[in-house]
Amino acid sequence: MEIPKLNLKEFLMENKGYRVLKRCVDTTIIQLSTGEILKILDDVLLKRISDTGYNLETRLKETPKLKQFSKFALPSRMFENEDIVKAYTMPYIPGVDFTDYYESIFDLVGYANIHSQIEDNIKDGNNLGIVFPDLCTTENIRVTADGKLFFIDYDGLQIKEMPAVGFSDFLGTPEEVLVNKYFDCKSNLFTKELDIKSAIFLYFVDVFGINLGTVNRINPVNGRKISLDYIFSIINLEDMDIQHKVWKLFQPTIPNEFLGDDIYKLAEKYKLVMPCSDIKIKKLIKR
């Protein structure tokens with residue numbers, strides 16, 4: 001059964017009880033009186049999507065094949081204006097953006113439950129041929145009041161042979177991301193390895209306030225190259241299993257590995273503290 005296609009102007013005229021939640025650089029987010037979310041893409045973003053060879057309408061038509069992906073706010077209807085599909089509705093996920101959620105993290109066990117869901121969602125999506133290049137844009141993740149996690153950015157996905165529009169620059173520069181391990185230049189498709197990199201990068205920035213993207217770059221304070229060993233030392237991370245999994249991210253041919261149960265083992269050994277300094281980096285201390 002195909003996703004329904006409606007006229008955008010007519011729909012908004014018939015559903016006047018809506019409110020604009022957010023105006024972003026390239027999208028407008030509207031909440032309808034039913035609670036649903038209507039996402040309207042601007043012409044620039046629509047062109048970027050079409051330039052991949054698969055326009056928004058083509059991407060939305062893939063939705064029914066992904067219906068078993070229960071932890072994603074999948075589109076329910078598409079909307080056209082002047083014969084161009086430029087908007088879609090999706091369920092509203094009550095809760096908070098992940099951006100607001102992770103700033104107050106100090107409970108390693110509680111966060112492990114959340115991060116485990118991130119990894120599980122990625123695995124479920126990968127099994128359906130989905131890659132999440134923009135996952136580290138954390139407002140694409142929602143956390144409900146009871147601690148359940150959902151992904152919401154459908155138009156940012158790479159779906160099967162349909163390339164994504166781009167990737168989160170949090171993961172690095174194009175020279176660091178568009179390499180063989182993470183990107184197939186022949187198909188213009190990202191590999192699943194990128195999703196594992198995203199998950200581990202998220203863990204380190206959420207828990208420790210550390211951006212792993214700085215590894216191998218020059219520290220402007222002392223002029224030295226930032227190493228993984230230096231990163232591990234400033235947060236007091238002694239867990240060799242996690243260190244090895246992070247190390248794999250920076251190897252050109254060695255496959256990546258999810259953090260998995262190691263995050264629970266870490267939570268059993270350590271507590272998280274904010275050191276008294278101007279550097280807002282959380283550190284591990286032994287229990």
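If you're wondering where the values come from, they're calculated on a predicted model, not measured in any experiment.
- To the nearest 0.5 Å, atoms CG (L8) and CD (E82) are separated by 10.5 Å.
- Within the model, atoms CD1 of I30 and CG of L12 stand 5.5 Å from one another, a figure rounded to the nearest 0.5 Å.
- Heavy atoms only, all atoms of each residue included: L56 and A87 are closest at CD2-N, 3.9 Å.
- Side chain of N15 to backbone of L32: no donor-acceptor contact under 3.5 angstrom is found.
- Counting non-hydrogen atoms of neighbouring residues, nucleotides and ligands closer than 6.0 angstrom, the CD atom of E2 reaches no more than 12 such neighbours.
- Aromatic rings from F190 and F132 are positioned such that their centres are separated by 6.0 Å or more.
- Within 6.0 Å of CZ in R217 there are more than 12 heavy atoms belonging to other residues, nucleotides or ligands.
- Here the side chain of S50 pairs a donor or acceptor atom with the backbone of L46 at under 3.5 angstrom.
- In this structure, a donor-acceptor pair under 3.5 Å is absent between the side chains of T63 and Y88.
- Taking each heavy atom of S76 and I3 in turn, the nearest pair found is O-CG1, 3.3 Å.
- In the model, R59 has a side-chain atom that pairs as donor or acceptor with a side-chain atom of T52 under 3.5 Å.
- Between the side chains of S227 and D229, no donor-acceptor pair is found at a separation under 3.5 Å.
- A continuous path of ILVMFWY side-chain contacts below 4.5 Å connects L128 to I196, so both sit in one hydrophobic cluster.
- Contact annotation: the side chain of I37 approaches that of L21 to within less than 4.5 Å [non-hydrogen atoms, C-beta and beyond].
- Environment of CZ in R287: crowded, with over 12 heavy atoms of neighbouring residues, nucleotides or ligands closer than 6.0 Å.
- The line from CD1 of I29 to NZ of K39 is 5.0 Å long, rounded to the nearest 0.5 Å.
- With hydrogens and angles ignored, the 3.5 Å screen pairs a side-chain donor or acceptor of T214 with a backbone N or O of N211.
- For the pair F151/D124, no side-chain contact is recorded, criterion being any heavy-atom separation below 4.5 Å from C-beta on.
- When the shell of 6.0 Å around CD of Q68 is examined, it contains more than 12 heavy atoms from other residues, nucleotides or ligands.
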Assess the residue pair E119 and L259 against the criterion (side chain to side chain contact (heavy atoms under 4.5 Å, CB included)); give the C-alpha distance rounded to whole Å, side-chain angles, the decisive distance to 0.1 Å, and a yes or no.
CA-CA 8 Å; E119 293 190 354; L259 292 177; 3.5 Å; yes

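- Looking only at side-chain heavy atoms (C-beta outward), V246 and V215 stay at 4.5 Å or farther from each other.
- A donor-acceptor pair shorter than 3.5 Å cannot be found between the side chains of Y270 and N236.
- The nearest pair of heavy atoms linking L249 to K197 is CD2-CA, 3.8 Å.
- Around the CG atom of N180, the shell of radius 6.0 Å holds no more than 12 heavy atoms that belong to other residues, nucleotides or ligands.
- What you find for I49 and L41 is that their closest heavy atoms are CD1-CD2, 3.6 Å.
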Chi angles and distances behind the side chain to side chain contact (heavy atoms under 4.5 Å, CB included) call for Q158, I130
CA-CA 6 Å; Q158 174 181 293; I130 297 172; over 6 Å; no

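- F72 is listed as a side-chain neighbour of L157, based on a closest heavy-atom distance under 4.5 Å.
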Which is it for D43 and K47 under the salt bridge (Lys or Arg N to Asp or Glu O under 4.0 Å) test, yes or no, and what are the steps along the way?
CA-CA 6 Å; D43 292 340; K47 185 179 186 308; over 6 Å; no

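- To the nearest 0.5 angstrom, I235 atom CD1 is 11.0 Å from E238 atom CD.
- A side chain to side chain contact (heavy atoms under 4.5 Å, CB included) with L135 holds for exactly one of L194, I122, D153; it is I122.
- By the 30° and 60° cut-offs, the orientation of the rings of Y203 relative to F208 is perpendicular.
- The two residues N121 and F69 have their closest heavy-atom pair at O-CZ, 3.5 Å.
- Residues N55 and T58 have side chains that bring a donor and an acceptor to within less than 3.5 angstrom of each other.
- Two residues are said to be in side-chain contact when any heavy atoms from C-beta on lie closer than 4.5 Å; E57 and K5 meet this criterion.
- A continuous path of Ile, Leu, Val, Met, Phe, Trp and Tyr side chains, each step under 4.5 Å between heavy atoms, connects I281 with I242, placing both in one hydrophobic cluster.
- Judged by distance alone, with hydrogens and angles left aside, the side-chain atoms of E80 form no donor-acceptor pair with the main-chain N or O of I84 at under 3.5 Å.
- Residue Q117 comes nearest to L149 through the heavy atom pair OE1-N, 2.9 Å, listed as atom of the first residue, atom of the second, then distance.
- No donor-acceptor pair under 3.5 Å is formed between the side chain of Q31 and the backbone N or O of R19.
- Looking at V207 and I263, their side chains never come closer than 4.5 Å, going by heavy atoms from C-beta outward.
- How far NZ of K123 is from CG of D195: 12.0 Å, rounded to the nearest 0.5 Å.
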Between Y92 and T34, is a side chain to side chain contact (heavy atoms under 4.5 Å, CB included) present by the stated rule, with each step listed?
CA-CA 9 Å; Y92 172 66; T34 60; over 6 Å; no

Take Y264 and N113 through the side chain to side chain contact (heavy atoms under 4.5 Å, CB included) test and state the conclusion after the steps.
CA-CA 8 Å; Y264 290 100; N113 292 329; 3.0 Å; yes

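- Cluster annotation: I152 is not connected to F167 through the hydrophobic network of ILVMFWY side chains, with a link wherever side-chain heavy atoms come within less than 4.5 Å.
- Under the 4.5 Å side-chain heavy-atom criterion for ILVMFWY residues, a single connected hydrophobic cluster contains both V177 and V179.
- Within 6.0 Å of the NZ atom in K225, the count of heavy atoms belonging to other residues, nucleotides or ligands does not exceed 12.
- Between E176 and T173, some side-chain heavy-atom pair lies under the 4.5 Å cut-off.
- Each of K269, K245, K265 was compared with D239 under the salt bridge (charged side-chain N to carboxylate O under 4.0 Å, His left out) criterion, and only K269 meets it.
- Of the inter-residue distances, the one linking K283 atom NZ with I234 atom CD1 reads 7.5 Å to the nearest 0.5 angstrom.
- In this structure the side chain of W247 reaches within 4.5 angstrom of the side chain of I254, judged on heavy atoms.
- Residues L212 and L171 share a single hydrophobic cluster, defined by chaining ILVMFWY side chains whose heavy atoms lie under 4.5 Å apart.
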